[in-house]
Amino acid sequence: MNVTRRWATTLLGASLTMAAAMPALAEGDPIRIGYSMARTGIFAAAAPSQENAYNLWRDQVNADGGLALPDGTRRPVEFVSYDDQSNPANTVRIYERLITQDDVDLLAAPWGTPMHLALAPVLQRYKMPMVGNTAASVQLRKVAPGYIWFPTSAIPDQMGAELAKMMKAEGVTSAALLANELPYAQEFRSFLIPALKEAGIEVVVDESYPPDIKDMTSMLVDVKAKAPDAVIAMTYPSDAFLFAGQAKELGIEAPFVLSLVGPTIDAYRKANGASVDGIVSSAHWSPESDAWPRGKAFFDAYVEKYGEEPDALDSALSFMSLEILQQAVEQAGLEPEAIRKAIFEGSFDTINGKVEFEGVQNTVTPTGFVQIQDGKIELVWPAEIATSDFQPKQGW
Amino acid sequence: MDTLLSGQLLFAALVSGSLYALVALGLNLVYGTLRLLNIAHGDLVMIGAYTAFGAFSLFHLPPVISVFLAAAVCAGLGWAVYEGLFRRLLANPTLAKRVEANSLILFYGISVILQNVVAMTFTASSRGYQYLDTVITWGGVSMTGNRLLTLIVASAVCFGTLLFLRHTLFGWSLRAVIERREAAQVVGVNLNRVQLITICAGFAAAGVAGTLVSMTEQITPFMGFPFTIVAFVVIIVGGLGNIGAGVLAGFCLGLVETYGIALTSPGYRSILIYGLFVAVLLIRPEGVFSKAVRS
Amino acid sequence: MKGLILGLVCVAGAAAVPMLGNPYYTGVIFQLAMWIALAQSWSMLSATTGYLSLGHAVFYGIGAYVCVLLTGSVPFAVTLIAGALAAGIFAAAIGLPVLRVRGPYFVILTYGLSELVRHVVMRIESALGSFGRMIFIVPPIEVLMWCMLGLATLACLGAWAIRHSTFGAGLSAIREDEVAAETVGVPVTRLKLLAFVASAIIPGAVGGLALLRTSYFEPGQAFDPVISFTIVTMALVGGTETVRGPILGAVALTLLSELLWSNLPQLYMVVLGSTLIGFILFVPRGVSGLVDQIAGRR
Amino acid sequence: MALLDVKNVTKQFGGLKALSDVSMTVEAGEIFGLMGANGAGKTTLFSVIAGHVPPTAGEVHFDGRRITGASPSRICRAGLCRTFQIVRPFGGLTVAENVRVAALYGAGGRQDRAAVARAVDDALEAVGLADRREILASGLTLSGQKRLEIARALATGARLVMLDEVMAGLNPTEIAAMLETLADLRNRRGLTFVIVEHVIGALMTLSDRILVLDHGERIAFGTPDEIGRDAKVAEVYFG
């Protein structure tokens, strides 16, 4: 009996603590925005570039007097966030908690494609809108339109086609493909190969490798022997470091070298210095663009606050997603259905230019590629948003 | 075929191999003398990498100097962990009886703490710095300076340790503890002292490995786990507690990995390594290089 | 008997949680039931025979994989049963050679096996040109939760039945001394294999259910070694001497991490790590032993 | 027909011949002694008979059936059980639980609770451990653990029990008690014993017939009196 009572007390205590963590909402209180982030676990290294952008946005909004509502009033913004430990199952639980328990007003996105995909049904069920950001997969297109949107244009099918176009334009006739076995890289590879074929570019090497690869020498020796015009390394961050170091060691001479994810990370350029000048990567934003004046301001504010550069893909997308949310709220208020309608129908001005949605997707921002030039991230493709011309890679 | 015979591939295999051997050396020392399953071993590699990164970016200390600092930091952790946790565990007969299970959980806890303390201190953002990455070409083999340095330092530490174990009194007592714990105590080996020094040395080896790794890989708080795994693969293949065979197995794993990939496809890399590991455990759990011990 | 009644009351209470109308609590119960089912299944092999498996994620992953492959072509209950069977068959197939290995070797071997299977599945998926699989129609959370609760109950009853049977007596003899057990007539090999299969089946179904909860399959996630670590941790923290142990361990750690991550978002992993260390050093008999001590038994 | 029939058993470990061409027969109800210096092959012979080690050559028959190559648990269930020179109690289980495992899985195939409980009580009673049944086996004295080994073997319902140095390390009082126990078991239950013993006096008193091994070879066989007079044995034992 004793045990039973202790049990009951424990459970009661637990539920009380949970309840206590939920403050009452009063008029004029901060607007609470909830999200989960992979602060620990396998994705953790990627998450700060996103969370830093979130915090920067919050600070800027609050410095401006708060988030504007349709009636012209402003309320400060407050984040409620949890660590999902890089586990999509936790993401689902956390958003359920945010919606039903913490009773947040708005939602921001977690890091990563699996998390976004796992969330889509949850948002549908609770009818809570969320602007996604760091998700990139053709699977997104299968998500029923409703309460989630993806501002990214770095989606593998479009990227494959665009990259082939760009390579053709730069006179590439042969290419070596090295792809990580994780989904994003594999998906990209599957769309790139037919596009290259169509563009008349010969694939001379096509290898996939596991994410925990520790040495690429044999692959790269093979690449070097075939001497292709282009080396397309479909990397994730950790193997991007490996690829850069070993391609340099072996003196890969291709004028067109792409590393899929990694080069836009600040540490990548710090670790490799000038040797990675000329590397192409996937992103559709650059602070160097004159067309998006707010972009440079974001870049400078970010560098000032964190002492490192924002990631041209993740940080930019994260900031954009909150800008979209901000403008939707300004127009429609905090009522979820109104926000949903506003996002569906609206047009938004972001650090990456205009954004509009059709279904779940941003149809305005073109799919682009960036290149490291003198340590800076320059947009080199497509021409209409380019901040600089593509320059063939000159050694390492 | 040309690729297979090239010095380039051999160099790559030796670099990986020496690093595997070094990481495994530390783990093997700790397992051999204390019978502890240290699954936080890779996190010590991470600590070593952060130490080197910090020293480089704050004080412009090159890794050839900060390697001593990293070794000292990790050895200090070893001391703290031994005095704070394991002395207690090993002294308590109930706990010591299930030392494997208990050490597994203890080190899991330590691993979680190390990772998250580092993540809170430095944020989880990946880090990196540029050091000695000029390419040297020698006999048709191109080598970045930092990878050559990795090979030299890792091999030197491994073989230095082996020589030390073979030719010093302490080395003899340590080997005695590994082979016959109780008997070693009877002949007057100070078990406590041997264990303390070994755990510090094992942790320090991981710190050295971390410094080497930091020159070429991205540094994050969660980078350690793959090193733990590799180290376990190596010491199983070599034979748990057999220090010399472990070093040999480390180099062999580097060769198997590099040439295995070259002969098949990079896609089979992990299947190859785990397959080898599982096969060794099933067929020869005492390790490939151990003399069969049967009662 | 008292324990059984208490257990049934808890199950009934948990099953009624969706009535509260707060899906968050339903999610917590799902999670709780999941870890109880996994830790208890693990104990069927590892607590009884002392063969410490650090690879139970492999059964969970296999269940998830089979479930995602079958979803859409057969009813949802069938996918779960198929997942459970596949995990059981896999255990039976690898059991004989694997269970010849003892002590720390077994711990590491099971871990390595789980990683091997993970990489093989990754390779297969990549060869099939699949980049993570999505499931679009999933049963509502209440249904998933009830299924999970059922699995947890099944696991606990199974573990209880094993420990109180001739089979369980044989297994504990194996844990104490395999050679002596064999000598007094215990068919050691057969019993170990049975225990291994028994401990694999429920995790297979759990993997399927957990997959339906997130509706997204990727081999890296489904075979995540963290799952194996969490299972072992929960069971050991709970105490492996009784059937109660894994239940208490799963409840304690699930609630603790639930409280910690919501109230101490920055520090909770550090606190969790410290709690583990504290438990091993100061509470060697686990939560279960602690409850006994406080209640003044033994 | 002999209960146990060992035919020309040879066992080779690498280059070492532990047993060479050893034969012996044990009749139902007798106490059969096995003598020899350290390394003579007694324990190896036990291991071969009980199924722990397969013989290099030769066969073992028990109760008319060939048991060579069968697992120890099968051999045990056929009615032949051994004890270990270095005791192997299930340390974490109580004395009664130790014996209960043997009763559950041993030769009898008893399934009903009452029969198992009776077998446990009987075995504990027979070796004098009835009053210690609830303590952990690891808490018994050496003498107690040796008795426990015997109790477990008895509880399996074995008809032939092989005892490997159950008196080593016991003091004279304990040895006397043990001798009495064994004689009693043979007389009252009709059990058959094969015993290996270093304590030669005990062996001589207890055994009906004795086989002497030296370096894996059979050097003498006969009644205790005959063995006592055997010149070869004297040479091996007393130089």
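Letters A, B, ... are given to chains in the order of the sequence lines, protein chains preceding strands, and every chain is numbered from 1. These numbers were taken from a predicted model, which means no experiment stands behind them.
Heavy-atom contacts from other residues, nucleotides or ligands closer than 6.0 Å to CZ of Arg65(D) number 12 or fewer. Heavy-atom neighbours of Gln12(D) CD from other residues, nucleotides or ligands within 6.0 Å: above the threshold of 12. Open room surrounds CD1 on Ile86(D); 12 or fewer heavy atoms of other groups in view lie less than 6.0 Å from it. No more than 12 heavy-atom neighbours from other residues, nucleotides or ligands sit within 6.0 angstrom of CZ on Arg100(C). Counting heavy-atom neighbours within 6.0 Å of Arg189(D) CZ, excluding the residue itself, gives a total above 12.
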From CA spacing to verdict: side-chain contact (heavy atoms from CB on, under 4.5 Å), Thr183(C), His52(D): CA-CA 8 Å; Thr183(C) 307; His52(D) 291 283; 3.1 Å; yes
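Across Leu104(D) and Ala169(C), no two heavy atoms sit closer than the pair CD1-CB, 3.7 Å. Between Gly185(C) and Arg77(D), the shortest heavy-atom distance links the atoms O-NH1, 2.7 Å. Heavy atoms only, all atoms of each residue included: Leu191(C) and Tyr105(D) are closest at CD2-OH, 3.3 Å. Ser73(D) and Val186(C) make their closest contact through CB-O, 3.3 Å (heavy atoms, listed as atom of the first residue, atom of the second, distance). The shortest heavy-atom contact between Gly92(D) and Glu176(C) is N-OE1, 2.8 Å.
Inter-residue side-chain proximity for Arg88(D) and Val184(C) is flagged as unmet; no heavy-atom pair is nearer than 4.5 Å.
Once rounded to the nearest 0.5 Å, the distance linking OG1 of Thr166(C) with CZ of Arg100(D) reads 6.5 Å.
Identified by a heavy-atom distance below 4.5 Å to chain C, contributing residues of residues 178-188 of chain D are lacking entirely.
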